[in-house]
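Proteins get letters first, then strands, A, B, ... in listed order; numbering begins at 1 in each.
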2 protein chains.
Amino acid sequence: MDRDTISQLLEQRQFEPLQRTLTQSNAVDVARLLEDARPEEAIVVFRLLPKNLALAVFEELPAERQSRLLEAFTGDAAREMLDAMSPDDRAALLDEVPAAVARRLLRLLSPAERQVTMEILGYPRGAAGRLMTPDFVDLRQDMTAAQALERVRRLAMDRETIYYAYVTDNQRHLLGTVSLKDLVLADPARRVSDLMEPNPKSILTTTDQEEAARVLLVYDLLAAPVADSEGRLVGIVTWDDMTDVMEQEVTEDFYRYGAVEASGQRYFRMGLLRVARQRVVWLFLLILVNTVTGSIIAGQSDLLQEVVILAAFVPLLIGTGGNVGAQSSTVVIRGLATGEISGGQAAAIVGREVAVGALLGAVLGTVVVGWAYALGRDIRVGFIVGITLVAISTFAAMAGGALPYLFRLFKVDPAMVSAPFITTVMDILGVSLYFLIAHLILRL
Amino acid sequence: MDRDTISQLLEQRQFEPLQRTLTQSNAVDVARLLEDARPEEAIVVFRLLPKNLALAVFEELPAERQSRLLEAFTGDAAREMLDAMSPDDRAALLDEVPAAVARRLLRLLSPAERQVTMEILGYPRGAAGRLMTPDFVDLRQDMTAAQALERVRRLAMDRETIYYAYVTDNQRHLLGTVSLKDLVLADPARRVSDLMEPNPKSILTTTDQEEAARVLLVYDLLAAPVADSEGRLVGIVTWDDMTDVMEQEVTEDFYRYGAVEASGQRYFRMGLLRVARQRVVWLFLLILVNTVTGSIIAGQSDLLQEVVILAAFVPLLIGTGGNVGAQSSTVVIRGLATGEISGGQAAAIVGREVAVGALLGAVLGTVVVGWAYALGRDIRVGFIVGITLVAISTFAAMAGGALPYLFRLFKVDPAMVSAPFITTVMDILGVSLYFLIAHLILRL
């Protein structure tokens, strides 16, 4: 199925071959197609889908497209689509649409589904509670494997995953998990209590979604149970939601590191003003910082008038400072994000980075002395530039290593130590060191 | 289970309580512990583990630890551990150890396992064939659901996943997939051909691992079938391998974007010289580029001697250029990596970025004119700085938007357009524009 064929068939109003093509397609592919189509086109295509595929496609669409489609359908069809959604996706949809629309949609739901949805919406944004689904299979520990499998079969249709089942007591406290694999393989007469894995990894409703995703990732789980503050099992989070979370979080980190505010919106969906607004605050702050650099240089007019060639090395020196700092912060930020390095290792890491920075500075400084001498025909200038480069490299690696930790200490995402930020910090530090060293050497 | 307790018990040689604690622990946690322990300690702890846990822990360890453990055990125990590994993990281990060790380990394997491993090692690094496991459940389409389920039960023990089974014909061509869920739910008399999903998404052995991971991610699959060049099913890749791949690829992108060479090694495992080597090449290249910037400024000594205050604005101007460029490239690089923007949209995106850059330049330029005038007490300097900022912003956004595409065109990872790289490019472009505009305005 390709997009061009579809639009062509649509334009020529050849609905029958179009319907045939669509019926054989994957829900994800159809959703992609609808997402990029014009709204009216999307509605026409959606109406052609067989019901099961339509419901699957609907769940894959972004909230904005979902609400447009819901508007285009009458009460009953809309109700059916909403009821068929898994509770976590439905909560995400209601979260995105305007409050008035959300209220109208909530009224469409059956009372049971409405209550489930309201509960999920009660958890804060970004918490595991928002992403969980209460549709899991629960078992009792005195069931036999055969009884358990029978229960799985009965519940399977409207459960998000049946690959794990959760064993609870009368108070709904989680006792263990059993995988469908274990149930299928077990002697039918064995007790669930013998089959279950006790003390499973579980997540709290209030756990941050990124942390929740990391639990699934680290322990290679398809789903993890979510417990409320009283330790009662209230839902599960599944791997497909968690991969979405990871992808979002990576984009957020990447954007932050590039000093762009993440909006969660698709690039082409945003107007130019919106795009500019995402970036201007950071740029403005960085310019403010850079006025300090300017003032420092302006304060050195006498020195520059005397040895004007010194101005030629400013970009190289502060640029290298920025680059070394960006390298150090990249390694530390990513290490903290993946959990490869921990909070307690701050001192060791900053120490290592300082050593690496000094080493890099020594190598690069040696190379640059010669070039600076050639350009300035003044051996003192050569030394000033070389020594400054060593100092800047060392400080840059220290700042790049330490700042992400410092940010974390104040509960700010370490990725906020963006490459532009560290570059700008090193501009100030760099010119200060440069003029300090120049004064020391020239006034020997 | 926490690390301190374990090391304490180990030091006091209290092996019994240590064994009790370990037995109740998760394999992933124990593997983490062994990874950070001293080698001799790791071997002692490993010997205390019950056999099943030991095998699970072994698979979770990095190759270097695995080969050390294998050395510490006699032939039979080592053979057992190797044979129990899944073929893809085993291939990864053999890939990491020195060739002589790899040959020794291969000889330990049973002939069947050896052949499977050799086959996987025959695919190029980074290809899906390297990550696949040939241990999947295959079915025939004329089986009933009951027969199929029986086969799943029989094969389950040594199959990596039983949540999907693959339907093949006599020539091992893939006909469709059936999920365990469908088999469990189906009427036992129904034919597999009625239950299977035909035309499943499949991957080639030669497909890049990142692309393979994306197929699983986009279509929310737990596993995908891998076919050879003749369309025969030879293995499957599973979601746990794919999340590892995604994490690796993200780290690689992040490192590249910070101008650090990715090594795949853990930070604390590398010596300082190794860390410095990861970074020095980029820094050196960037310094080379920056000597051009220096030469341009040196060539303007006369102008600077005359209006020395112009030197004060260099860091602010080239810094802002770097920042705007970093923002644009961040958005484009990440968009290309997630597939949100495609290769064909290059012109539209560069156009948008140019518009955004000009807009940002206009806003920031207006602010800066006043400050430049205040510092220089010369309205011409104010205008030079303001106009340059607009020009630099526009060019920077253009470069940041276009360079990732240009790199892609030449089959270089777009993430190679690192923040340091774009910053350095903007240094040259920035000072050139600055002096050009200064000359135009001052020689009015």
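- Taking the side chain as every heavy atom from C-beta outward, A:Thr320 and B:Leu286 never approach each other to under 4.5 Å.
- Comparing B:Arg277, B:Gln305, B:Arg334 by heavy-atom pairs within less than 4.5 Å of chain A, the highest count is held by B:Arg334.
- If you measure heavy-atom distances from A:Ser329 to chain B, you find no contacts under 4.5 Å at all.
- Between chain A and the residues B:Asp240, B:Ile341, B:Ile287, the largest count of heavy-atom pairs under 4.5 Å involves B:Ile287.
- Taking 4.5 Å as the limit, every side-chain heavy atom of A:Asn199 sits out of range of all side-chain heavy atoms of B:Gln24.
- When all heavy atoms are compared, the tightest approach of B:Val314 to A:Pro315 is CG1-CG, 4.0 Å.
- Looking at B:Phe284 and A:Val367, their side chains come closer than 4.5 Å, going by heavy atoms from C-beta outward.
- When side chains are defined from C-beta on, B:Thr293 does not count as touching A:Leu316, because their heavy atoms never get closer than 4.5 Å.
- Looking at A:Val368, only its side chain comes within 4.5 Å of chain B, counting heavy atoms on both sides.
- At a heavy-atom separation below 4.5 angstrom, chain B is approached by A:Val250, A:Thr251, A:Asp253, A:Phe254, A:Tyr255 within residues 249-256 of chain A.
- The contact between B:Leu359 and chain A is made entirely by side chain atoms (from C-beta outward), counting heavy-atom distances below 4.5 Å.
- Only the side chain of B:Ile162 comes within contact range of chain A, with heavy atoms under 4.5 Å apart.
- Heavy atoms of A:Ile309 lying under 4.5 Å from chain B belong exclusively to its side chain.
- Minimum interatomic distance between A:Leu375 and B:Ser295 (heavy atoms only, all atoms of both residues): CD1-OG, 4.3 Å.
- A:Leu183 has its side chain out of reach of B:Val184: every pair of non-hydrogen atoms, C-beta onward, lies at least 4.5 Å apart.
- For chain A, the nearby parts of B:Val218 are the backbone and the side chain; heavy atoms of each come within less than 4.5 Å.
- With chain A as partner, the option from B:Val431, B:Val152, B:Leu221 having the largest number of non-hydrogen pairs under 4.5 angstrom is B:Leu221.
- For the set B:Asn290, B:Thr243, B:Ile333, B:Ile318, the entry with the most heavy-atom pairs within less than 4.5 Å of chain A is B:Asn290.
- By the salt bridge (Lys or Arg N to Asp or Glu O under 4.0 Å) test, B:Glu59 pairs with no residue at all, sequence neighbours left out.
- Sorted by first and then second residue, the ring pair (Phe, Tyr, Trp, His ring centres under 6.0 Å) pairs with a member in residues 290-338 of chain B read B:Phe313-B:Trp371; sequence neighbours excluded.
- Nearest approach of B:Ala298 to A:Ala312, heavy atoms of both residues: N-CB, 3.8 Å.
- No option in B:Val275, B:Val280, B:Leu273 other than B:Val275 meets the side-chain contact (heavy atoms from CB on, under 4.5 Å) test with A:Val356.
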CA sep, side-chain torsions, deciding dist, call: B:Val308, A:Gln300, side-chain contact (heavy atoms from CB on, under 4.5 Å):
CA-CA 10 Å; B:Val308 74; A:Gln300 301 291 328; over 6 Å; no
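- Within the 3.5 Å criterion, the main-chain N or O of B:Ala259 finds a donor-acceptor partner in the side chain of A:Gln327.
- Counting heavy-atom pairs closer than 4.5 Å to chain A, the top-ranked of the candidates B:Leu304, B:Leu360, B:Thr423, B:Val363 is B:Leu360.
- In this structure, A:Thr424 OG1 and B:Asn323 CG are separated by 4.5 Å, a value rounded to the nearest 0.5 Å.
- The minimum heavy-atom distance linking A:Arg279 with B:Glu353 is given by the pair NH1-OE1, 2.8 Å.
- For chain B, the nearby parts of A:Leu180 are the backbone and the side chain; heavy atoms of each come within less than 4.5 Å.
- In terms of heavy atoms, A:Asp220 sits closest to B:Glu60 at OD2-OE2, 4.2 Å.
- Put simply, the side chain of B:Met246 does not reach to within 4.5 Å of the side chain of A:Met246, judged on heavy atoms.
- Contact record, B:Leu272 with A:Ala355: CD1-CB, 3.7 Å, taken as the closest heavy-atom pair.
- Of the atoms belonging to A:Leu222, heavy atoms from both backbone and side chain fall under 4.5 Å from chain B.
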Chi angles and distances behind the side-chain contact (heavy atoms from CB on, under 4.5 Å) call for A:Val260, B:Val331:
CA-CA 8 Å; A:Val260 181; B:Val331 172; 4.2 Å; yes
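- Your options are B:Ile349, B:Ile296, B:Leu217, B:Val292, and the one with the most heavy-atom pairs under 4.5 Å with chain A is B:Ile349.
- Neither the backbone nor the side chain of A:Ile428 comes within contact range of chain B; no heavy atoms are under 4.5 Å apart.
- B:Glu197 is linked by a salt bridge (Lys or Arg N to Asp or Glu O under 4.0 Å) to nothing, counting only residues two or more places apart in sequence or in another chain.
- In this structure, chain B has no heavy atom under 4.5 Å from any part of A:Val289.
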